[in-house]
Amino acid sequence: MASGDHGSIAGMIGRLFEAGTTAGLGDGALLERFLARGDDSAFEAILRRHGPMVLGVCRRILDDPDEVADAFQATFLVLVKKARSIRDREALATWLHGVARRVAVRARVDSRRRLARERSGAEGLIVDPESKAPRADRLELQELRSAIDGELERLPARYRGPVILCDLEGWTHEQAAAQLGCPVGTVKSRLSRGREQLRARLVRRGLAPSAALIAATLAADSAQAVPVELANLTLAAASRIAGGGAVSAGASSAGAARLTKGVLRSMLMIKLQLASAVLAAAAIATTGVRALVGPASPPSGPKNPVAAARPQVAPAPAARPDAPPAERGVVRSQLSNGLKIVLRPIKGSPNTAMVVVYAIGGDHDPQGLSGLGHTIEHVYLTSAAGDRKARTTEELSRGNSGGANGQTGDRYTVFSARFPLEDLDRELADAAARMAGPRVTEDDLERERPRLIQEVQNMFDNFAALAAMNNARELVRPSPAGGRHGGRPEQLRAIGLRDIQARLNHYYKPRNATIALAGDFDPPTVLKAIARHFDAIPSGEAVPAPQNPGTPRFFVPVRPRTGKADEAQGEPTACLAYPAPAPDSPQYPAFLILIMRLWAAGDRLGGSGVTGSPVYFTPLDDGAVVAISASLKGGETPVRAFARIEKFVADTIEPKLEHGEAAAVKEQLSMILGLGEVPDELLGRNPYGVAFSLVRRDQIGLDPARLARAIDAVTDADLHRVAAEVFAPTRHAGALAGAFDDGR
């Protein structure tokens with residue numbers, strides 16, 4: 001973006017002429033001009049169009065005018081940094097609303113923490129409670145203003161868009177219809193439905209606003225013009241950052257810079273937390289079955305033969321050296337059959353997530369049956385169980401109101417579902433029926449076998465980005481017993497029904513399982529429901545010890561590892577993979593700091609990689625490997641592509657420990673690794689991630705408090721040592737996929 005003098009007379013006259021060229025453009029066209037040409041006037045038009053709405057969001061959530069200004073500025077600076085990743089550019093208003101709310105909530109949390117610290121340091125200070133107490137007649141309006149954006153963001157997109165455009169931005173029905181690309185009548189009906197749903201959500205929170213009061217509140221906040229000085233400061237900061245400048249206090253206010261960096265890091269972490277779900281939903285990147293959200297009128301759950309029996313919920317076991325650490329809000333218990341229970345109530349969460357995680361995975365596959373765990377994952381979800389008939393993955397998708405998921409890792413298997421709280425008993429009944437034993441038949445196996453083989457072919461052959469990454473992963477962490485991650489096609493064909501039934505009957509049972517739920521529920525009620533459904537299931541046998549992976553093969557081939565890889569779809573891709581240190585390793589704290597640097601700098605490599613980032617590392621899903629991918633540029637040879645990735649790694653991990661870097665790492669990994677407090681408002685956006693993280697941290701023996709202290713203690717010497725030991729050029733393997741020029 002070209003910088004300009006926004007405060008001068010010449011700048012104002014220039015903008016008058018520019019307005020004629022941008023005023024009629026839609027959001028998508030304005031963003032395209034900004035991205036393609038660095039057009040200052042296009043970005044200014046976006047700010048002029050959506051600034052009042054963004055300012056209204058910030059004012060509803062924040063009280064301090066300086067904090068409002070910082071949050072406003074940070075919202076548009078996040079837009080500068082993330083503009084290329086916005087998929088639906090015509091829905092920019094909805095995107096900006098979500099970012100503005102995220103920024104403002106973060107600013108509010110930071111403000112409260114600062115206030116708490118100040119109060120704790122002023123022991124002798126006496127404050128007159130009447131001086132700050134709000135009047136009773138203002139309480140409801142203040143609470144409404146604070147809650148309204150959170151509930152608006154939870155509306156379905158088809159209703160949220162019209163409400164934001166018409167009620168927050170003041171657009172006419174005709175203008176909104178043109179922007180959304182639908183008939184005026186559709187906009188009117190969706191707007192009416194959206195307003196009513198928003199009101200109903202607020203009523204459930206104990207508020208009772210009329211539709212007129214909601215509309216008036218939104219309109220009043222969004223009708224206030226953006227102060228000229230604030231607009232000019234924001235535009236100037238955006239120009240400098242778009243021109244290559246860093247997000248710093250030099251380009252914006254210190255508060256805005258801090259908020260921008262924090263929200264950008266949190267957006268990256270949310271993307272990484274959801275990466276495995278995105279991959280498996282496409283059925284190409286993980287060894288799993290995932291079903292997307294679909295409407296449902298599902299059959300009733302299976303009848304429990306001991307429904308009338310008295311629940312047998314064992315108290316949480318006494319603390320022991322290997323017990324998981326206590327965490328705020330987490331309830332733990334265990335049934336007499338060994339089933340472990342982890343509950344995390346999240347106030348205000350719109351959905352409930354349930355995960356059932358077994359301590360068995362791909363490393364447990366017997367010799368010659370690589371992919372047995374992967375196969376069991378498929379038939380576990382799709383076979384008949386209880387009162388439910390066998391189903392295809394498509395039927396599973398349509399029959400689950402919030403989505404279903406299965407994934408096989410190296411040493412775990414997870415099955416999960418997300419649903420409204422009123423569906424809890426039905427989902428528990430289905431999960432219990434499958435743990436008791438799905439009725440797997442030859443038809444089930446033959447239905448899923450072609451899909452399994454297709455998945456592993458996609459992973460290792462058919463898609464360039466996946467083939468490069470998975471082949472590189474297999475080099476630095478070879479699957480044990482001559483197997484392969486997800487299974488080898490010839491061995492998948494050899495797996496029989498008896499193999500599956502024996503494993504299910506012995507090991508996919510309570511003593512090897514943990515059930516975790518996260519959502520807005522009452523823990524004692526949920527504990528009783530779990531006991532009612534699961535307590536009578538036999539314990540099962542202990543899982544045999546997993547086989548250890550093979551010896552890493554560190555080398556960089558200049559040809560694809562498989563003959564089909566040069567036919568892979570997508571841009572030709574090079575990938576370097578490095579073994580990651582274990583969570584209990586002394587290297588791990590410094591390693592996490594270097595990983596955060598690589599994530600943050602990933603855009604420099606170009607291309608989106610497998611998970612939306614060129615740097616693949618998922619601490620709890622697949623924490624054994626770091627894989628860094630790059631699409632080959634026009635005419636670039638494989639040798640040069642690998643050299644480019646090596647240089648990226650070396651340049652990124654070289655700097656010394658920066659001030660505040662350890663604190664930032666803990667903050668951004670707090671949801672995944674439990675390294676700090678996360679407000680329920682943020683946890684509620686991803687209850688699946690909350691439940692899954694709690695179980696996986698227990699499984700791998702990660703102590704969040706100890707790890708947080710170790711991160712604080714990291715020194716420059718630790719970083720340099722890990723850079724030399726973990727990311728050494730002699731300790732990686734490379735793989736290529738796609739059509740490329742093999743010349744030098």
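Just so you know, these numbers use all the heavy atoms, side chains as well, and skip hydrogens, waters and symmetry mates.
In this view, Ala516 and Val342, Val355, Ala691, Val695 satisfy the side chain to side chain contact (heavy atoms under 4.5 Å, CB included) rule, not counting sequence neighbours. When the side chain to side chain contact (heavy atoms under 4.5 Å, CB included) test is applied to Ala601, the partners found at least two apart in sequence or on another chain are Arg604, Phe648, Thr652. Looking at residues two or more places apart in sequence or on another chain, you find a salt bridge (charged side-chain N to carboxylate O under 4.0 Å, His left out) between Asp680 and Arg328, Arg344. When the side-chain hydrogen bond (donor to acceptor under 3.5 Å, both in side chains) test is applied to Tyr508, no partner is found at least two apart in sequence or on another chain. In this structure, Asp64 has no salt bridge (charged side-chain N to carboxylate O under 4.0 Å, His left out) partners at least two apart in sequence or on a different chain. Applying the ring pair (Phe, Tyr, Trp, His ring centres under 6.0 Å) rule to Tyr578 yields the partners Phe727, His732; only residues at least two apart in sequence or on another chain are considered. The salt bridge (charged side-chain N to carboxylate O under 4.0 Å, His left out) check on Asp622 picks up Arg473, with sequence neighbours excluded. Judged as a salt bridge (charged side-chain N to carboxylate O under 4.0 Å, His left out), and not counting sequence neighbours, the contacts of Arg101 are Glu153, Glu681. Listed by chain and number, the residues in a side chain to side chain contact (heavy atoms under 4.5 Å, CB included) with Ala723 are Leu594, Ile653 (sequence neighbours excluded). Pro679 meets the side chain to side chain contact (heavy atoms under 4.5 Å, CB included) test with Val109, Leu682; sequence neighbours excluded.
Rounding to the nearest 0.5 Å gives a distance of 5.0 Å between CD of Gln407 and CG of Asp621.
Sorted by first and then second residue, the pairs that involve residues 352-364 and meet salt bridge (charged side-chain N to carboxylate O under 4.0 Å, His left out), not counting sequence neighbours, are Asp363-Arg411, Asp363-Arg477. Each salt bridge (charged side-chain N to carboxylate O under 4.0 Å, His left out) pair with one or both residues in residues 578-601, not counting sequence neighbours, appears once here: Arg597-Glu661.
Using a cut-off of 4.0 Å between Lys/Arg side-chain N and Asp/Glu carboxylate O, Lys340 and Asp698 are scored as not salt-bridged. With salt bridges taken as basic N to acidic carboxylate O contacts below 4.0 Å, one links Arg532 and Asp425.
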